[in-house]
K.L.:
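Below are the structure tokens for one structure; questions will follow.
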Amino acid sequence: MNPIFERVLLEVSQSELIDLGDLDFASTLIIKSVCRGLNIGRAGIWLLTEDNQSIDCFLLIDNDTKQHNITLTRSQFPSYFKALDTERIIAASDALTDPATYEFADIYLRPNAITAMLDSPIRHAGKMIGIICCEHKGEIRHWTYDEQAFVSSLADLYGRAVNAKKVKAYQIELESINSALETQVEKRTAELKRAIKNLQITQASLIENEKLAALGNLVAGVAHEVNTPLGISVTSTSHCIDELNKLKKYYGAGDLDEQKFVDFMDTLTDGLNLVERNLSRAAELVHNFKRTAADQLVIEKENINLTEYLEQISSPLRPLTRKQGIELNIQLEQQLFVNSYPGAIAQIFTNLVSNCFRHAFPEGFPGKKRILLGAEMCGDEIKMFYKDNGKGLSKDVKSKIFEPFFTTARNVGGTGLGMSIVHNLVTQKLAGRIEIVSELNQGFEVDIYIKDLD
């Protein structure tokens with residue numbers, strides 16, 4: 001190829017304007033390069049419409065003067081468009097007589113003193129999208145192979161520039177989409193944070209309600225249980241007062257003998273012993289309830305005798321189980337000490353027992369209902385356990401039992417938080433582990449493994 005053509009092509013191909021994505025800059029560079037390489041004063045870029053029925057002038061340079069807004073239609077110039085349909089170079093040495101270009105003679109060629117035309121197809125993505133049109137003025141010009149190859153190479157570079165523009169448009173669109181997406185993500189993230197915060201507030205409220213409901217059950221059970229020894233104490237006290245009044249009457253009438261006084265002393269002793277035993281029982285119930293309730297509301301770590309503490313926990317639970325017709329038993333090793341959170345332990349067993357009322361023993365349950373609470377050493381861990389002989393769990397329920405708000409007793413007021421609270425207390429507060437042992441119709445067992453906390 002002509003060294004001048006090679007130098008011009010190298011300069012254009014190395015120019016950043018080709019890949020900048022701005023077709024105006026790239027087009028101007030290419031057309032000026034065409035004019036410089038071919039030593040002509042007039043050349044342009046024409047782009048086909050989608051239906052190939054017309055071709056529009058994108059850029060036309062005539063001696064450094066730019067022209068636009070020229071359109072040629074197939075209906076006006078059928079022979080020229082037929083030549084374009086071949087998608088090959090149109091090299092018209094004598095444009096006035098060439099079969100492809102003669103139609104332009106009177107309205108375009110002669111008015112602009114054009115004698116020869118060289119049109120090279122522009123392709124993008126394998127499709128012809130337009131042409132580079134080289135227009136020679138003066139003597140008839142025979143276009144050489146090098147000249148045709150030169151213009152074809154510049155046409156290919158224009159195709160590269162078109163591709164750069166599309167890439168830039170895609171990048172701008174992608175940036176716009178990303179920006180919109182980031183805005184949407186930020187909006188959704190903010191909404192999600194608000195939803196999570198509201199959920200946490202709601203969950204915390206429900207958990208507190210669950211705690212208070214469990215304590216409410218304890219209060220009701222303890223109140224009922226305390227009424228019995230208090231009633232006996234009141235009755236016994238009234239009986240002692242009656243006996244004392246009798247003694248006064250005998251003494252006032254001068255009818256008090258030794259035997260009546262001895263009988264009075266025996267009756268009064270029995271009555272006061274009865275009052276003492278029942279008041280002590282009521283005091284023990286109130287004390288254990290206060291300890292259990294306070295521990296559940298104020299959770300602090302301390303070193304406790306777990307054997308004694310589980311006995312205290314069971315005391316306010318017994319009225320509840322008796323009311324449900326359930327036998328509550330305790331199985332403990334002697335003197336188990338642990339540095340842990342007694343409030344969490346109290347709440348765990350309260351929740352397990354309360355959970356039993358809703359789930360373990362359905363209406364019409366055959367046989368005697370039993371619950372067993374206990375603790376024992378298991379290697380270097382303390383194993384606390386809850387067992388009942390109720391209906392047990394199916395595999396599906398067992399797999400979901402610790403999920404918040406999962407319950408099979410929604411119709412009777414179940415919230416689905418009881419076992420979730422137990423799981424969180426064991427794993428997070430006590431830093432322990434929990435295992436469920438249960439088969440359908442074979443009872444339910446919860447094993448809790450804990451160690452001393454630092």
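Any value given below was found using the heavy atoms of this structure, including those in side chains, with hydrogens, waters and symmetry copies removed. Numbers here simply count residues along the sequence, with the first being 1.
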K.L.:
Please determine whether the number of non-hydrogen atoms from other residues, nucleotides or ligands lying under 6.0 Å from atom CD of Glu191 exceeds 12.
P.N.:
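Yes, because the 6.0 Å sphere around CD of Glu191 holds more than 12 heavy atoms from other groups.
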K.L.:
Among Asp119, Leu118, Val151, whose side chain to side chain contact (heavy atoms under 4.5 Å, CB included) with Cys133 holds?
P.N.:
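Result: among Asp119, Leu118, Val151, Asp119 is the only option passing the side chain to side chain contact (heavy atoms under 4.5 Å, CB included) with Cys133.
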K.L.:
side-chain contact (heavy atoms from CB on, under 4.5 Å) for Tyr158 and Leu23? Distances and angles first, verdict last.
P.N.:
CA-CA 8 Å; Tyr158 183 81; Leu23 275 183; 3.9 Å; yes
K.L.:
Does Ile4, at its CD1 atom, have more than 12 non-hydrogen atoms belonging to other residues, nucleotides or ligands within less than 6.0 Å?
P.N.:
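No, the 6.0 Å shell around CD1 holds no more than 12 heavy atoms from other groups.
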K.L.:
Given side-chain contact (heavy atoms from CB on, under 4.5 Å), test Val422 with Asn355 step by step and report yes or no.
P.N.:
CA-CA 11 Å; Val422 169; Asn355 199 60; over 6 Å; no
K.L.:
Which side chain to side chain donor-acceptor pair (under 3.5 Å) pairs, counting each pair once, include a residue from residues 381-395, with sequence neighbours left out?
P.N.:
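For residues 381-395: Glu381-Arg433, Tyr386-Asp388.
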K.L.:
Quick check: does any side chain N or O of Arg42 sit under 3.5 Å from a backbone N or O of Lys137, one acting as donor and the other as acceptor?
P.N.:
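Flag not set: sc Arg42 to bb Lys137 has no pair under 3.5 Å.
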K.L.:
Mind listing the closest non-hydrogen atom pair of Leu336 and Thr307 along with its distance?
P.N.:
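Looking at all heavy atoms of both residues, the shortest contact is N-OG1, 3.0 Å.
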K.L.:
Taking atom NZ of Lys168 and atom CD1 of Ile172, what is their separation to the nearest 0.5 Å?
P.N.:
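Spacing of NZ (Lys168) from CD1 (Ile172) equals 5.5 Å.
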K.L.:
Between Arg160 and Asp156, does any NZ, NE, NH1 or NH2 come within less than 4.0 Å of an OD or OE carboxylate oxygen?
P.N.:
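Here Asp156 does not pair with Arg160 in a salt bridge, since their nearest N and O are not under 4.0 Å apart.
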K.L.:
Looking only at non-hydrogen atoms, find the nearest pair between Glu445 and Asp447 and report the distance.
P.N.:
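Closest heavy-atom pair between Glu445 and Asp447: OE2-OD1, 2.7 Å.
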K.L.:
Please report the shortest heavy-atom distance between Ala375 and Phe385, naming the atom on each side.
P.N.:
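Reported closest heavy-atom pair: N-CE2, 3.7 Å.
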K.L.:
Just grab all the ring pair (Phe, Tyr, Trp, His ring centres under 6.0 Å) pairs involving residues 92-132, residues at least two apart or on different chains.
P.N.:
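The answer is Phe77-Phe104, Tyr80-Phe104.
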K.L.:
Evaluate Leu84 against Arg74 for side-chain contact (heavy atoms from CB on, under 4.5 Å), listing each step before the verdict.
P.N.:
CA-CA 10 Å; Leu84 291 179; Arg74 185 182 291 271; over 6 Å; no
K.L.:
Between Asn339 and Asn303, what is the shortest heavy-atom contact and its length?
P.N.:
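Scanning both residues, the minimum pair turns out to be OD1-N, 3.5 Å.
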K.L.:
Can you name the closest pair of heavy atoms from Pro121 and Ala155 and give their distance?
P.N.:
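That would be O-CB, 3.3 Å.
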K.L.:
Report yes if the side chains of Glu311 and Ile330 come closer than 4.5 Å at any heavy-atom pair, otherwise no.
P.N.:
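Yes, side chains in contact.
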K.L.:
Output side-chain donor-acceptor pairs under 3.5 Å for residues 52-61, partner residues at least two apart or in another chain, one line each.
P.N.:
{"residue": "Gln53", "atom": "NE2", "partner": "Asp51", "partner atom": "O", "Å": "3.2"}
{"residue": "Ser54", "atom": "OG", "partner": "Thr49", "partner atom": "OG1", "Å": "3.3"}
{"residue": "Asp56", "atom": "OD1", "partner": "Thr71", "partner atom": "OG1", "Å": "2.8"}

K.L.:
Decide salt bridge (charged side-chain N to carboxylate O under 4.0 Å, His left out) for Glu103 and Lys82; before the verdict, give the C-alpha distance in whole Å, the side-chain angles of both, and the deciding distance to 0.1 Å.
P.N.:
CA-CA 12 Å; Glu103 296 169 329; Lys82 185 176 181 182; over 6 Å; no
K.L.:
How about Gln184: does its CD atom have over 12 heavy atoms from other parts shown lying under 6.0 Å from it?
P.N.:
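More than 12 heavy atoms, drawn from other residues, nucleotides or ligands, come within 6.0 Å of this atom.
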K.L.:
Going by the ring pair (Phe, Tyr, Trp, His ring centres under 6.0 Å) test, which pairs reach into residues 5-37, not counting sequence neighbours?
P.N.:
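The answer is Phe5-Phe150.
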K.L.:
Could you walk me through whether Leu306 and Met384 pass the side-chain contact (heavy atoms from CB on, under 4.5 Å) test, one step at a time?
P.N.:
CA-CA 10 Å; Leu306 190 59; Met384 302 185 298; 4.1 Å; yes
K.L.:
Kindly indicate, with the supporting measurements, whether the criterion salt bridge (charged side-chain N to carboxylate O under 4.0 Å, His left out) is fulfilled by Glu50 and Lys127.
P.N.:
CA-CA 11 Å; Glu50 286 291 331; Lys127 179 183 177 182; 3.5 Å; yes
K.L.:
Identify the heavy atoms of Ser438 and Lys398 that sit nearest to each other, and give their distance.
P.N.:
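It is O-NZ, 3.7 Å.
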K.L.:
If you look only at pairs with a residue in residues 419-444, which of them pass as a ring pair (Phe, Tyr, Trp, His ring centres under 6.0 Å), with sequence neighbours excluded?
P.N.:
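Qualifying pairs: Phe402-His423.
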K.L.:
To the nearest 0.5 Å, what is the distance between NZ (Lys400) and CG (Leu393)?
P.N.:
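One gets 13.0 Å once the value is rounded to the nearest 0.5 Å.
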K.L.:
Starting at CH2 of Trp143, measure out to NE2 of His136 and round the result to the nearest 0.5 Å.
P.N.:
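Spacing of CH2 (Trp143) from NE2 (His136) equals 6.5 Å.
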K.L.:
Using atom types as modelled, flag every donor-acceptor pair under 3.5 Å from a side chain in residues 361-373 to any protein atom, sequence neighbours excluded.
P.N.:
{"residue": "Lys368", "atom": "NZ", "partner": "Glu327", "partner atom": "OE1", "Å": "2.9"}

K.L.:
Looking at OG of Ser120 and CD1 of Ile132, how far apart are the two atoms once the value is rounded to the nearest 0.5 Å?
P.N.:
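Answer rounded to 0.5 Å: 6.5 Å.
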K.L.:
Starting at OG1 of Thr427, measure out to CD1 of Ile450 and round the result to the nearest 0.5 Å.
P.N.:
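Answer for the OG1-CD1 pair, Thr427 versus Ile450, is 13.0 Å.
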